[in-house]
Amino acid sequence: AGRTDLVVMSAGTTDEARPGSATTRAIARAGLIVTVLFLASRVLGYVRTIAMAGSVPELADLDPFLAAFRIPDLLFQLVAAPLLVFAAARDIATRLIPDGVSIAIALAGVSSRLMVGWSEAGASLAFGVILFVVLLPLAMRGWFGGGDVKLIAAMATGLSVGETWLFIVSTVFSGGVLGFAYIIGRH
């Protein structure tokens, strides 16, 4: 009682997960919906912050301070979120993540951190390099995906060290849930 419409390809992908297939289009559509909703959430959150700062006199003094730190983060998230969704869809469909995605995220990350300051940009860039150096041997041993190493290092360039730690923990947790779903889906 197996599925006859599911053909396993040599690269480990299925016929359903090939570029242009219904499965890939459904994943891309779901990714687009998540991206649009995420970006709307970030923009509305920023509008909420501005409204609160304008309505409470004590917060009006903090408005330039909040803007100085929130705008670079918002810009980075507006660039990184759709690229991460694209990378996830490509990874699911082809088991490959284009290098251009990691490069674009890293460039956006460094640019956004430079808006905050040189020391913040340097710390994020250094942490991204450290993560790359630490995770690369795991990818070389086959314990970790090479594209994942590049994406994590690229994301670190746009996040503070603390935010990078939260990103890594979230990524590991999400990967565990996804792995569990794959195991359950096979049975």
Side-chain angles (χ1 to χ4, degrees), residues 19 24-25 27-47 49-50 63-175 178:
T24 303
R25 286 192 303 274
I27 291 168
R29 197 171 27 258
L32 180 63
I33 291 168
V34 169
T35 300
V36 168
L37 292 175
F38 171 78
L39 296 177
S41 163
R42 299 306 299 165
V43 170
L44 289 174
Y46 187 68
V47 169
T49 301
I50 291 171
D63 190 39
F65 175 77
L66 290 174
F69 285 99
R70 297 235 174 177
I71 290 175
D73 288 342
L74 177 65
L75 293 175
F76 176 65
Q77 291 170 2
L78 290 175
V79 171
L83 289 172
L84 287 172
V85 170
F86 173 75
R90 282 292 302 267
D91 191 24
I92 290 169
T94 65
R95 306 298 293 158
L96 296 171
I97 299 172
D99 291 341
V101 172
S102 299
I103 293 168
I105 290 174
L107 290 174
V110 169
S111 299
S112 71
R113 296 304 287 166
L114 279 172
M115 288 185 221
V116 178
W118 286 101
S119 63
E120 288 82 2
S124 294
L125 187 58
F127 196 58
V129 169
I130 290 168
L131 281 172
F132 185 80
V133 169
V134 167
L135 295 176
L136 185 60
L138 298 177
M140 292 171 68
R141 294 183 64 86
W143 297 350
F144 212 78
D148 299 325
V149 171
K150 292 182 288 187
L151 276 179
I152 289 172
M155 283 297 294
T157 65
L159 302 171
S160 69
V161 174
E163 290 169 331
T164 300
W165 175 247
L166 291 175
F167 172 73
I168 291 170
V169 169
S170 300
T171 302
V172 168
F173 180 73
S174 299
L178 184 60

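Hydrogens, waters and symmetry mates play no part in the numbers below; they use all other heavy atoms, side chains included.
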Under the criterion side chain to side chain contact (heavy atoms under 4.5 Å, CB included), I'd like the reasoning laid out for Ile105 against Leu84: C-alpha separation, chi angles, the key distance, then a yes or no. CA-CA 9 Å; Ile105 290 174; Leu84 287 172; 3.9 Å; yes

Does the Ser124 side chain pair with the main chain of Leu159, one donor and one acceptor, at a distance under 3.5 Å?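 Yes; at least one donor-acceptor contact below 3.5 Å.
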
Identify the two heavy atoms, one from [X] and one from [Y], that lie closest to each other, and give their separation to 0.1 Å.
X	Y	result
Ala153	Phe132	CB-CB, 3.9 Å
Gly128	Ala156	CA-CB, 3.6 Å
Leu151	Ala87	CD1-CB, 3.8 Å
Phe144	Val149	CD2-CG2, 3.4 Å

Report yes if the side chains of Leu138 and Leu135 come closer than 4.5 Å at any heavy-atom pair, otherwise no.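 With C-beta onward as the side chain, the pair touches.
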
Would a 4.5 Å heavy-atom cut-off, applied to side chains only, mark Phe76 and Ser111 as touching?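 Phe76 vs Ser111: side chains apart.
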
Please report the interatomic distance [atom1]([X]) to [atom2]([Y]), rounded to the nearest 0.5 Å.
X	Y	atom1	atom2	value
Asp148	Met155	CG	CE	13.0 Å
Leu114	Thr157	CG	OG1	10.0 Å
Thr164	Leu131	OG1	CG	7.0 Å
Asp99	Lys150	CG	NZ	3.5 Å

Evaluate side chain to side chain contact (heavy atoms under 4.5 Å, CB included) for Ser160 paired with Arg113, printing each intermediate quantity in order. CA-CA 8 Å; Ser160 69; Arg113 296 304 287 166; 3.8 Å; yes

Before you tell me yes or no, could you show the steps for Leu125 and Val110 under side chain to side chain contact (heavy atoms under 4.5 Å, CB included), namely the whole-Å CA-CA distance, both residues' side-chain angles and the distance that decides it to 0.1 Å? CA-CA 7 Å; Leu125 187 58; Val110 169; 4.1 Å; yes

Show the numbers, then the answer: is there a side chain to side chain contact (heavy atoms under 4.5 Å, CB included) between Leu96 and Asp91? CA-CA 5 Å; Leu96 296 171; Asp91 191 24; over 6 Å; no

